[in-house]
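For reference, the structure is listed below as structure tokens.
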Protein chains: 2
Amino acid sequence: MSKQVTIKQIAQYAGVSEATVSRVLNQPELVSKQTIQKVKDGMDELQYRPSALAQSMRNHTTKTIGVVISNVLNPFFTTLVRGIEDAATKRGYSVIVCNTDENPDKEQRYINMLVDHQADGIILASTGNHANYHSMVNDMPLVFIDRMPQGKDANLYDTVLVDNEKGSFNAVDALIKQGATRVNAIVSPVATTGTERLNGFRKALTAHDFPIREQDIALDDYLGQHTAELALNLIQTNQCDALFCGNNVILMNVLKVLKEWQIGDMKLAVFDDQPWFDFVQYPIISVDQPAYLIGTKAFITLMDRLANPNRPVTHDIVRTKLVIR
Amino acid sequence: MSKQVTIKQIAQYAGVSEATVSRVLNQPELVSKQTIQKVKDGMDELQYRPSALAQSMRNHTTKTIGVVISNVLNPFFTTLVRGIEDAATKRGYSVIVCNTDENPDKEQRYINMLVDHQADGIILASTGNHANYHSMVNDMPLVFIDRMPQGKDANLYDTVLVDNEKGSFNAVDALIKQGATRVNAIVSPVATTGTERLNGFRKALTAHDFPIREQDIALDDYLGQHTAELALNLIQTNQCDALFCGNNVILMNVLKVLKEWQIGDMKLAVFDDQPWFDFVQYPIISVDQPAYLIGTKAFITLMDRLANPNRPVTHDIVRTKLVIR
DNA sequence: CTGAAAGCGCTAACAT
DNA sequence: ATGTTAGCGCTTTCAG
């Protein structure tokens, strides 16, 4: 690379000290108009750009945050990330996105990396396999999204979550009101969301005096490798006429099965909404989570925490919206 | 934050100099077994983690790269980004994702930011509105993806691209072979891809002795705000029976129109493939771009360039696959 | 209003 | 095999 232009050279050019150049950047009110002009001319002339690295080193703040999620390819997280990035950019922050694939080791490594890089904070969709994040990050601020902190961390950190139970309840309730007589469920066992969504499912059945049969519930593995089998099994052995899917990935796999086996009649509901649901031949009931909003809220929460490390922990629950099709 | 543990403290703990501690980290072969042990004990004991910041400062390398794309929400870019991130993680690199929304100013600002942060390199889907990136980034390596560099940059930078013309040709060709009698096109005017895809469209028509009518072609705006109108106009005034969509966002908007106007009969083809195309009532012909592969290739290209700044510029064209439905 | 000097945490000569 | 020292580019006392 052609050599970096530093404060030193600007100082030389303008015939002032490095300190003065720095002041022009950070506290221009302390510098005379004339000097400011000279220095600015130098900066323009030499195309000066301050080294963010050196600044971070001195100021102990990197203007960088980490976002640790399971997978950007999941459109829920894609949108969430975009929300974070937009909010971050507006405030001069950069974001580093980390995909754990629900693997606790990967999560651990990424968090270490972010600590090494002195990120100013982390927004985290926890895998749920670590119960003491605090010991990993020292006093770096953490905001939990999508999944609740567990164990020791439980009341230590700010959260931005959705009401999984209520959303699921509404979806299953809608299914039944549309005439479903036997609703089965496939959910992912990931962290706290799986359980909560299942609770909603159960409560909706109960509310309609439907029996709860454990055989009507399938727990997916996260990677979705066996979702298809599970779905087929439910459909064939239970003769269910409606299926509640715990997330959009599960729904996708269910659709594959329905197509392959040419099953034309099935009521479907899913937690999380996607635009293309409109174009599928089945009328899909979905629970729309405001992913983008969750992202911006999480970022703002993090900024608040940074500005005021001692303020009480906040727990934000955002509203979901039922989409009937 | 509870104070950072530095090399200094490890040195004290182990009763050696800072240099020795540093050597244990970077060139342990120069240090005696015993000393190594003492130092490592200290690191464990005090939970030492090297400051990536300080290292970057000294080494003039940040192990960070920038990825500048139009929008992660576009699933093509989502996949691309994931490809880059996986490859990067494997080699100890972090990535900062920047969304330009096809706005040249934003692009400019992000690139400046990456320069300020001393990113080791940038992978760039150019908005096509700057013809001299070299002046913006100094000698920082750049890899162009998805869109070709223009003007002064044309033969200065490595590229990883797809054959837009051939892919489009194949798609339109397939449409005609399926019996389409009048194929219209909507493409996005973005950078170089729009033109190339249009060329493929034209050539396919010509190959089948179809006339090329300019009224059969609509240029979308990038944000897709008027795609619906454009589509409706083509469909109603031209009575076309097939539509070639320049990307997945356009297709989505076309589907909305078809649904809203209850147009059941339309042959569709689109550049870029998505899993959910399988579940749409229209049989969608698509050009599958290996987005993930493009990502990993771009990253590897960047690493090669970093390792050997003077090697000749490379131009990689990845293969697309036609998906008939 | 401006300058000199110290130091953020680390590494690489250069000594020994 | 290990220690000493200088310096990466910047900001911030402390003096003047």
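These figures come from a predicted structure and were not determined experimentally.
- Salt-bridge annotation for A:D116 and B:K63: absent, with no side-chain N of the basic residue lying under 4.0 Å from a carboxylate O of the acidic one.
- With a heavy-atom cut-off of 4.0 Å to chain B, the contacted part of DNA chain D has its first and last nucleotide at D:dA1 to D:dG9.
- For the pair A:L161 and A:I145, the minimum side-chain heavy-atom distance is 4.5 Å or more.
- Rounding to whole angstrom units, CD1 of residue A:I36 and P of C:dC1 are separated by 9 Å.
- Classification of the B:H134-B:Y157 ring pair by plane angle, with boundaries at 30° and 60°, yields tilted.
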Could you list, one pair per line, each protein nitrogen or oxygen that sits under 3.5 Å from a nitrogen or oxygen of nucleotides 10-14 of chain C, together with the distance?
{"from": "C:dC10", "atom 1": "OP1", "to": "B:Y48", "atom 2": "OH", "distance (Å)": "2.5"}
{"from": "C:dC10", "atom 1": "OP1", "to": "B:S51", "atom 2": "N", "distance (Å)": "3.1"}
{"from": "C:dC10", "atom 1": "OP2", "to": "B:I7", "atom 2": "N", "distance (Å)": "2.5"}
{"from": "C:dT11", "atom 1": "OP1", "to": "B:N26", "atom 2": "ND2", "distance (Å)": "3.2"}
{"from": "C:dT11", "atom 1": "OP1", "to": "B:Q55", "atom 2": "NE2", "distance (Å)": "3.1"}
{"from": "C:dT11", "atom 1": "OP2", "to": "B:S22", "atom 2": "OG", "distance (Å)": "2.9"}
{"from": "C:dT11", "atom 1": "OP2", "to": "B:N26", "atom 2": "ND2", "distance (Å)": "3.4"}
{"from": "C:dT11", "atom 1": "O2", "to": "B:R58", "atom 2": "NH1", "distance (Å)": "2.5"}
{"from": "C:dT11", "atom 1": "O2", "to": "B:R58", "atom 2": "NH2", "distance (Å)": "3.3"}
{"from": "C:dA12", "atom 1": "O4'", "to": "B:R58", "atom 2": "NH2", "distance (Å)": "3.1"}
{"from": "C:dA13", "atom 1": "N6", "to": "B:R23", "atom 2": "NH2", "distance (Å)": "3.4"}

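- Shown here is B:K106, whose NZ atom has more than 12 heavy atoms of other residues, nucleotides or ligands within 6.0 Å.
- The pair B:D101-A:R82 counts as a salt bridge, with a side-chain nitrogen and a carboxylate oxygen less than 4.0 angstrom apart.
- A distance of 10.0 Å separates CD in B:E85 from OG in B:S94, rounded to the nearest 0.5 Å.
- Residues A:R147 and A:V190 meet the side-chain proximity criterion, which asks for heavy atoms closer than 4.5 Å.
- Between A:T35 and C:dC1 there is no side-chain N or O to OP1 or OP2 distance below 4.0 Å.
- Looking only at side-chain heavy atoms (C-beta outward), A:K297 and A:L293 come within less than 4.5 Å of each other.
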